[in-house]
Amino acid sequence: MDIETLKRDFRAVYREEPQVFRAPGRVNLIGEHTDYNEGFVMPAAIDFYTAAAIAPRSDTKVNVRSQSFDRAVSFDIADDLRPKHNWSDYVVGVIDQIRRSGERPRGMDILIQGEVPIGAGLSSSAAIEVAVGFALLNAEHATIDRVQLALLCQRAENEFVGMRCGIMDQFISCNGQRDHALMLDCRNLQFKLLPISPGVSLVICNTMVKHEHAGGEYNQRRADCEEGVRILQKSGPGIRSLRDVSVEQLERHREMLPPVIYRRCRHVVTENARVESAAEALQKNDLRAFGKLMAESHRSLRDDYEVSCRELDVMVEIATAQAGAFGARMTGGGFGGCTINLVVSEHAEAFRKRVTAEYEKAVGLTPDVYITSAADGAARVA
Ligand code: GLA
C-alpha cells in the first residue's frame with residue numbers, strides 16, 4: 001500500500017497528522033454459503049488491504065473521503081444517519097453501530113485508501129468496515145476485542161447497508177493470521193488457525209465478471225435455507241439451523257421438501273461436512289484430498305446452490321487441468337468474481353500464464369491472476 005501518499009493526501013486535505021489502520025480482504029478456501037447457516041467456513045486473509053487514515057477533530061463534525069471515489073461525505077456525529085447507497089455507507093454504517101453500542105465517538109476526519117478489487121468477491125466491503133471500526137475503536141481503547149469488532153461490522157452491513165451477509169468476511173479480516181487458514185465455527189465463533197504449507201500458493205483468478213449479490217439472489221438463498229429449516233423442524237426437535245441437520249437426516253426427510261429447497265439444503269449440509277474433512281486434510285498436509293473437496297464444493301455450488309456462472313465454471317475447469325494445481329473452486333458469494341486455486345508455488349507463475357491465455361481464448365476477457373499467501377488481519381500501521 002502507498003501509506004506515504006495516503007498520509008500526504010490526508011495532510012493536504014485536512015491539515016492534520018493522521019494515524020493509519022488497515023484491514024485485509026479475504027479468500028475463502030472452502031465452506032461457502034454456510035456461515036449464515038451456523039456452519040463451518042475456512043477463509044484466509046489476503047495481502048490486499050484497505051487503509052483508513054484518521055484524526056480526531058475538536059468539534060463534532062465527521063468528514064469522510066476516499067482516494068478512489070469522488071464524493072466526500074460530511075455530517076455531525078449526533079445526526080440521524082441514513083444510507084446514501086454508495087461506498088460511504090460502509091464507513092457511516094460502522095460509525096452508526098459504534099454509536100448504538102453506547103460509545104460516543106468524537107468528531108473526526110477520515111481518508112480511505114483501498115486496494116482490494118471491488119465487486120470481485122474478495123470482501124472489499126468487510127475490509128473497509130473493519131479498517132474504519134478498528135481505527136475508531138483504537139483511537140479510544142488500548143485493546144480491541146476482535147470478535148466483537150467483527151460482529152459490529154457485520155451488523156453495520158446487515159442493518160445499514162442492507163446486505164444480509166454472514167460473519168465470515170468481517171471475522172477473517174479481524175482475525176486472519178499470516179500463512180494460516182482459519183476454520184471458524186459460525187455458531188459459537190470458536191476458531192482454529194491451520195498452517196498452510198509454505199510450498200503452496202493461494203492463487204486467485206478474477207473472472208472479471210462483477211458479482212452483484214447485494215440485493216436479490218444472496219438474500220433469496222438465505223430465505224431458501226430458512227424455509228428448509230422451517231419444514232425440517234416438523235420432523236423432530238433440535239433443529240435450529242441447517243447446521244443441526246446431517247446428510248442422512250436430510251435424505252430421510254427429502255420428501256418433505258420442495259425440490260429446489262432440498263437442493264439448497266443439500267449444498268449446505270454436504271458443504272459443512274466437506275469443511276470438516278478439509279480441516280483434517282490440511283492438518284495432515286494432504287493437499288490432494290483438500291483439492292478434491294474443493295472440486296466437490298464447486299460442483300455443489302454450481303448444481304445445487306446455483307450461485308456459479310459460466311465464467312467461473314470455465315475458470316475452474318481450465319485451472320484444474322494445469323500442472324501443480326491441487327484444487328480450484330469459486331470463492332465468495334458467487335455470480336462472478338474470483339476462483340481460489342491451491343497451486344504448488346513453483347508452478348504458480350506458469351499456472352498464471354496458461355490460465356490467462358486459455359481463459360482469454362474461451363471467454364474473451366483477460367483475467368487478473370493474483371499469486372498470494374495468507375496474510376495478517378487488521379492492524380495499526382506504524
Ligand atoms: C459473502 C458474504 C459471506 C458469505 C459468502 C458466501 O461473501 O458476505 O458472509 O455468506 O458470501 O460464503
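For the single chain, residues carry numbers from 1 onward in sequence order. Whatever order the structure lists them in is the order used to number ligands and atoms, beginning at 1.
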Does ligand 1 have any atom sitting under 4.0 Å from a heavy atom of R221?
no
Tell me the contacting part of M330 for ligand 1: side chain, backbone, both, or neither, using a 4.0 Å heavy-atom threshold, strictly below.
neither
Does T34 reach ligand 1 with a nitrogen or oxygen that is under 3.5 Å from one of the ligand's nitrogen or oxygen atoms?
no
Please determine whether a side-chain nitrogen of the Lys or Arg among E358 and K361 lies less than 4.0 Å from a carboxylate oxygen of the Asp or Glu.
no
How about Q233: does its CD atom have over 12 heavy atoms from other parts shown lying under 6.0 Å from it?
yes
Indicate yes or no: does an N/O atom of G166 lie under 3.5 Å from an N/O atom of ligand 1?
yes
Please identify which atoms of ligand 1 are closer than 4.0 Å to at least one heavy atom of Y36.
10 (O)
Could you check whether E32 pairs with R329 (Lys NZ or Arg NE/NH1/NH2 to Asp/Glu carboxylate O, under 4.0 Å)?
yes
Ligand 1 to C165, heavy atom cutoff 4.0 Å, flagged ligand atoms 2 (C), 8 (O), 9 (O)
Salt bridge or not for R221 and E217, using N-O below 4.0 Å?
yes
Considering distance alone, does some N or O of R26 sit under 3.5 Å from an N or O of ligand 1?
yes
Given E157, Q170, E32, which has its nearest heavy atom closest to atom 12 (O) of ligand 1?
E32
Between the side chains of E255 and Y262, does any donor sit under 3.5 Å from an acceptor?
no
F191 vs F171 aromatic rings, parallel, tilted or perpendicular, using cut-offs 30° and 60°?
perpendicular
Please determine if E226 and R164 form a salt bridge, counting it only when a charged side-chain N lies under 4.0 Å from a carboxylate O.
yes
Atoms of ligand 1 less than 4.0 Å from M168 heavy atoms?
4 (C), 5 (C), 12 (O)
Salt-bridge test for R230 and E227: reply yes if a basic N is under 4.0 Å from a carboxylate O, no otherwise.
no
Give the single entry among Y218, Y305, F171 that approaches atom 10 (O) of ligand 1 most closely by any heavy atom.
Y218
Mind checking whether D35 has an N or O less than 3.5 Å away from an N or O of ligand 1?
yes
